[in-house]
Amino acid sequence: MTTLRHCLIDRAGRLLMRKLIAEKLKIPWDRISLQRTEKGKPFLVNENSKLNFNVSHQGDFAVLAAEQDCQVGVDIMKTDLPGSGSIEEFFRLMNRQFTEKEWVSIKSMNSNWDQLDMFYRHWALKESFIKAVGVGLGFNLQRIEFEVSPIHMEIGKIYKETKMWLDDEQEKWTFEEVLLDKQHHVAVALGESDSLLGPSPKIKSVEQSSFTVLTFEDLVASAIPMSSEDPDYWINYQSKQEVPFRQRSSV
């Protein structure tokens, strides 16, 4: 993967947000105003809407999840070898990010690759929750613990069996998980609580639907230019040197 490709996927995530808002809320592209909270969660400015949405990108995909009347967070992780060092060393460096029970689950897998795959599945789940409540990376990840189910997932099938504990108390959040392909895990967190320290959320019945794969042409089919065309911008963008993009160990 290259830095150029990484930038393009990041921009695809921004296009996904605008396409969603334009289609669901009927707001023209050039009138959509997006900002981020202090912790980086995107939101729509000056619109009386209960539509909550979140985006994530890594590897070959950018993903978006959205729901009415409940908090939503999404994260995608690509299973890949660490940028440097062994898997054992990588796990040692990440030891504080998971509970003892989670590490038992991760290391119970038969091969090093399967352990790495389970690691990133847990990581996507934790990030989806953190992004849903919008508390940022300063949150102690060992306060939340996941019991993943099932252990093995089929590509394209949505699972909702995984459970979460916060400060040793089981929470009523819903977590939807899906494998987009053999390497890309997606986790979607759904909850109604307005605060991490508030009461456990009660989830309304949420219509389950799989992800729809969109091309760039799909994303911009109804787009409206937000500024005049600048040919020099694209020429300068193409001239950027492509260098290897190291697999991230945190987000």
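Taking all atoms of both residues into account, the shortest heavy-atom contact from A62 to L16 is O-CD1, 3.7 Å. Residues F211 and L64 share a closest heavy-atom pair of CE2-O, 3.5 Å. The minimum heavy-atom distance linking K131 with S56 is given by the pair NZ-CB, 3.4 Å. Across A65 and V72, no two heavy atoms sit closer than the pair CB-CG2, 3.9 Å. Listed here is the closest heavy atom pair of L51 and Q68: N-OE1, 3.4 Å. Residues A187 and S128 approach most closely at O-CB, 3.4 Å, considering heavy atoms.
L93 and L116 are members of different hydrophobic clusters when ILVMFWY side chains are connected at heavy-atom separations under 4.5 Å. L15 and L20 fall within the same hydrophobic cluster, where Ile, Leu, Val, Met, Phe, Trp and Tyr residues are linked whenever their side-chain heavy atoms come under 4.5 Å apart, directly or through other members. A chain of hydrophobic side-chain contacts below 4.5 Å, direct or via other Ile, Leu, Val, Met, Phe, Trp or Tyr residues, connects W123 to L166. In terms of hydrophobic clustering, with Ile, Leu, Val, Met, Phe, Trp and Tyr side chains grouped at heavy-atom distances under 4.5 Å, F90 and M77 are assigned to a common cluster.
Applying the side chain to side chain donor-acceptor pair (under 3.5 Å) test to T162 and every residue at least two apart in sequence or in another chain returns E177.
Counting only heavy atoms from C-beta outward, the side chains of Y159 and V148 never approach each other to under 4.5 Å. Side-chain contact between I27 and L44: present, with at least one pair of heavy atoms (C-beta onward) separated by less than 4.5 Å. Annotation: side chain of L214 is in contact with side chain of K19 (closest heavy-atom distance under 4.5 Å). Counting heavy atoms from C-beta outward, D117 and M109 have side chains that stay 4.5 Å or more apart. A 4.5 Å side-chain heavy-atom check between V213 and L180 finds every atom pair outside the cut-off. A 4.5 Å side-chain heavy-atom check between F53 and L34 finds at least one atom pair inside the cut-off. Residues E161 and P150 have side chains in contact (heavy-atom distance under 4.5 Å, counting atoms from C-beta outward). Residues W173 and I144 have side chains not in contact (no heavy-atom distance under 4.5 Å, counting atoms from C-beta outward).
Within 6.0 Å of the CG atom in D168, the count of heavy atoms belonging to other residues, nucleotides or ligands does not exceed 12. Within a 6.0 Å sphere centred on NZ of K101, heavy atoms belonging to other residues, nucleotides or ligands number more than 12.
With rounding to the nearest 0.5 angstrom, the CG atom of L25 is 14.5 Å from the CZ atom of R31. Rounding to the nearest 0.5 angstrom, the gap separating the CG atom in N52 from the CZ atom in F43 is 12.0 Å. From R121, atom CZ reaches atom NE2 of H185 across 7.0 Å, with rounding to the nearest 0.5 Å. Here the CG atom belonging to D181 is positioned 7.0 Å from the CG atom belonging to D60, to the nearest 0.5 angstrom. To the nearest 0.5 angstrom, I106 atom CD1 is 4.5 Å from F98 atom CZ. For the atom pair CG (D75) and CD1 (I130), the distance works out to 10.5 Å, reported to the nearest 0.5 Å.
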### Task
Would you sort out whether E154 and L179 count as a side-chain contact (heavy atoms from CB on, under 4.5 Å), showing the intermediate values?
CA-CA 7 Å; E154 297 178 16; L179 273 176; over 6 Å; no

### Task
For side-chain contact (heavy atoms from CB on, under 4.5 Å), just list the numbers for E88 and N112, CA-CA rounded to whole Å, side-chain angles, deciding distance to a tenth of an Å, and then say yes or no.
CA-CA 9 Å; E88 291 79 7; N112 284 343; 3.7 Å; yes

### Task
Take W29 and I21 through the side-chain contact (heavy atoms from CB on, under 4.5 Å) test and state the conclusion after the steps.
CA-CA 8 Å; W29 280 65; I21 294 168; over 6 Å; no

### Message
Apply side-chain contact (heavy atoms from CB on, under 4.5 Å) to residues M118 and I151 and explain how you reach the verdict.
### Response
CA-CA 9 Å; M118 184 61 78; I151 298 299; 4.0 Å; yes

### Message
Evaluate F175 against F146 for ring-ring contact (aromatic ring centres under 6.0 Å, His included), listing each step before the verdict.
### Response
CA-CA 10 Å; F175 291 89; F146 285 92; 4.9 Å; yes

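When each of E102, Q142, E145 is tested with K126 by the rule side chain to side chain donor-acceptor pair (under 3.5 Å), just one qualifies, namely E102.
Taking the six-membered ring for Trp and thresholds of 30 and 60 degrees, W103 and F119 have ring planes inclined between 30 and 60 degrees apart.
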